[in-house]
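Just so you know, residue 1 is the first one in the sequence shown, and it goes up from there.
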Amino acid sequence: MSTRSLKPILWLCDSLVCCCCVCFQVVEVVRCMDPIIKLTLLLLFFRIACASTVEKNFEHCETVVKNWASSALHQGINKDKHTLQDLLFFLHVPRTGGRSYYHCFLKKLYPSSQECPRSYDKLRFDPRKEKCRLLATHDDYSMMEKLPKERTSVVTIVRNPVDRVFSSYEFSVEVAARFLVHPDLASATKMSKRLRAKKAGVSTLDIWPWKYLVPWMRADLFARRHARRQKGSSEDKIDSPYDMKDILMPLQEFIDDPIVHDIVHNGATFQIAGLTNNSYLDESHEIRHCVREYKSLGQHVLRVAKMRLDAMLYVGLTAEHKESATMFANVVGSQVISQLRDANFSTGTLADNQSGNSSSLHLDSELESNVDQNNSTLDEKALQDEDEAKRKNMTVTELIEVYEGCISSLLKTQSRRRFASLKRISPANFSKEARRHVSDAVLQEIRTLNYLDVDLFKYAQEIFAMRHVQLMGNLDMKDGSESKLDRARAFELWRIPLLVMLFILLLVLFLLANARRRVSKVKV
């Protein structure tokens, strides 16, 4: 081997020797160091390593979130957002008042034969069902993966995030408290499973997010009741029902729990973006984790949610109840009625479809009584025919009147149920007045935790305000054109009687004139 070929090897050996010497010297220096300096250096190296890991994690999360957002933003969305398509998807954000819309608007508009099987229960949903034209569900926007996007219109209702968190907490407690009639949690769980197996309808415990929140809250209520009985004494009296820790989970503990972080906080944004823990998307869990870990990435999710919100046929606001209901009736209701008239469904077909699809829902807990279903087949058919005739001939004004009557009855029922449930955790009694006494610190924490929903709610308010102005302008124009048309019709209706009256008047005048002439001749 030549000397030239040995040079690289000799250089490498020299380098290794030098490195070993340096490392040996570093070790010797470290041994002689003060322990505090050693600890400082160790922490410094650890921090550098952690920073590198965090940076890599952020880069990974950023890539995942951005890739999903880019794909979502480029997905096809029905651009004709003002026209109701073949299928109406009511994306029901929990605790926004959507149940009243479902029972008092949608079920009054759509025949049962056109409702998608088992709405509110995605496990039994079959989008391939013929004449399936209404889907009402707590499922998120990822449900659109199963639907024909170009033939689907989406509607939703948005609520102030602070109010929605309060309502989610109160409803979880209310439903869980119904089980306190049982002696213990094991008995309540066993009876619950038995009744759910027998029921034909869908239980609250089958529906997202209550299938997670209610059992968790139920276990907590039983644990606190057991602790009270064991202790044998009650806590000092506390006025606020949101801080009675001896009786129920305090609001502060609720909003800080990981379950609520995953399901409730920013729930509207994640639901409209299609990223809840009930999503059909495989990457939804990782995206939610990344957004919770790195808040700045939430803006990508928010951008998708805003785009989808803007593309919806209707966006309502819980707080603007009257205006939202009026808009829904005029924007959605009028088009559904028009579609029903155009389709001209036969009552015989409706009866056949109805017998094969029991899609009416019982969205109550196991402890509530079911609606009596012992009506005869003939009575049901007669009611179907009558309801179908009413739907086809209904006007928007009549629809609003039906809605107002229905919601009045529904609110009374809900109030009685709520009162009966909260009696089991007395003296806790939720009210708007009690909410006002919750500390500003807790309210601010809720806003901070729901920073995406706060932004989305403001955007929804802008959409609502703009569309409300447009609707009022259209209604004014319609009223103006209708008044002109009414005047024209009135003139048409009165034209013939007026001509007849004019003819009679002329005839009378002619006869009077002839009579005078005859009298004049006789005198002469």
Side-chain angles (χ1 to χ4, degrees), residues 77-93 96-111 114-115 119 133-137 141 144 147 149-159 268 272 305-343 390-407 456-457 459-482:
I77 288 182
N78 182 15
K79 294 182 179 179
D80 188 10
K81 61 184 179 183
H82 300 296
T83 303
L84 175 64
Q85 303 302 317
D86 297 335
L87 175 62
L88 179 65
F89 173 21
F90 176 32
L91 194 155
H92 182 182
V93 178
T96 57
R99 188 177 178 186
S100 62
Y101 274 59
Y102 173 72
H103 283 285
C104 300
F105 265 140
L106 297 175
K107 287 188 74 66
K108 304 297 181 185
L109 287 166
Y110 284 93
Q114 293 185 352
E115 189 176 347
S119 294
R133 305 188 72 162
L134 169 65
L135 173 64
T137 173
Y141 201 92
M144 289 290 283
L147 306 176
K149 296 183 181 66
E150 69 283 353
R151 294 192 298 108
T152 302
S153 293
V154 187
V155 298
T156 195
I157 307 170
V158 184
R159 188 176 188 179
I272 293 170
K306 286 181 176 181
M307 178 197 70
R308 289 176 173 172
L309 203 65
D310 189 55
M312 291 184 184
L313 173 65
Y314 166 85
V315 178
L317 298 177
T318 306
E320 305 291 341
H321 172 72
K322 186 175 181 180
E323 292 80 1
S324 292
T326 301
M327 184 184 292
F328 189 90
N330 281 279
V331 173
V332 182
S334 61
Q335 295 192 66
V336 176
I337 293 169
S338 178
Q339 284 186 353
L340 283 170
R341 287 173 182 163
D342 294 341
K390 286 181 180 178
R391 288 186 183 97
K392 288 181 181 179
N393 298 317
M394 187 183 292
T395 64
V396 171
T397 303
E398 290 170 342
L399 175 62
I400 294 174
E401 290 174 356
V402 169
Y403 171 80
E404 289 173 348
C406 173
I407 195 173
L456 186 69
F457 177 65
Y459 190 70
Q461 287 179 308
E462 293 174 5
I463 293 175
F464 181 83
M466 180 179 65
R467 295 186 182 181
H468 187 260
V469 169
Q470 291 175 349
L471 175 65
M472 292 299 102
N474 292 338
L475 290 178
D476 288 341
M477 289 177 62
K478 185 177 179 182
D479 290 342
S481 60
E482 285 181 353

Is the side chain of [X] donor-acceptor paired with the backbone N or O of [Y] at a distance under 3.5 Å, no angle test?
X      : Y      : result
Ser334 : Asn330 : yes
Glu320 : Gly316 : no
Glu398 : Thr395 : yes
Lys108 : Leu399 : no
Thr318 : Thr96  : yes

| request: Quick one: do Thr152 and Met144 satisfy side-chain contact (heavy atoms from CB on, under 4.5 Å)? Show the steps, please. | output: CA-CA 8 Å; Thr152 302; Met144 289 290 283; 3.9 Å; yes
Which atoms form the tightest heavy-atom contact between [X] and [Y], and what is the distance?
X      : Y      : result
Leu109 : Leu340 : O-CD1, 3.2 Å
Val154 : Leu91  : CG1-CB, 4.2 Å
Tyr459 : Lys306 : CE2-O, 3.5 Å
Leu135 : Leu87  : N-CD1, 4.2 Å
Gln335 : Leu313 : NE2-CD1, 4.0 Å

| query | Is there a side-chain contact (heavy atoms from CB on, under 4.5 Å) between Tyr102 and Arg99 once you walk through the steps? | reply | CA-CA 5 Å; Tyr102 173 72; Arg99 188 177 178 186; 5.5 Å; no
Quick check for you: to the nearest 0.5 Å, what is the distance between [X] atom [atom1] and [Y] atom [atom2]?
X      : Y      : atom1 : atom2 : result
Phe90  : Tyr314 : CZ    : OH    : 8.5 Å
His103 : Ile407 : NE2   : CD1   : 11.5 Å
Ile337 : Leu84  : CD1   : CG    : 11.5 Å
Arg308 : Asp310 : CZ    : CG    : 13.0 Å
Met472 : Thr326 : CE    : OG1   : 6.5 Å
Ser153 : Lys81  : OG    : NZ    : 12.0 Å

| Looking at Gln85, Gln339, Glu115, which hits side chain to side chain donor-acceptor pair (under 3.5 Å) with Arg133? | Gln339
| task | Output, in order, the C-alpha distance, side-chain angles, deciding distance and verdict of side-chain contact (heavy atoms from CB on, under 4.5 Å) for Leu106 and Leu88. | result | CA-CA 10 Å; Leu106 297 175; Leu88 179 65; 3.8 Å; yes
| Under 4.5 Å between any side-chain heavy atoms of Phe457 and Val158, yes or no? | yes
| task | Mind checking side chain to side chain contact (heavy atoms under 4.5 Å, CB included) for Gln470 and listing every partner two or more places apart, or none if nothing turns up? | result | Met466, Arg467
| Residues two or more places apart in sequence or in another chain: which of them pass ring-ring contact (aromatic ring centres under 6.0 Å, His included) with Phe105? | Tyr101, Phe328, Tyr403
| query | Out of Thr137, Thr156, Val155, which one pairs with Phe89 under the side-chain contact (heavy atoms from CB on, under 4.5 Å) rule? | reply | Thr137
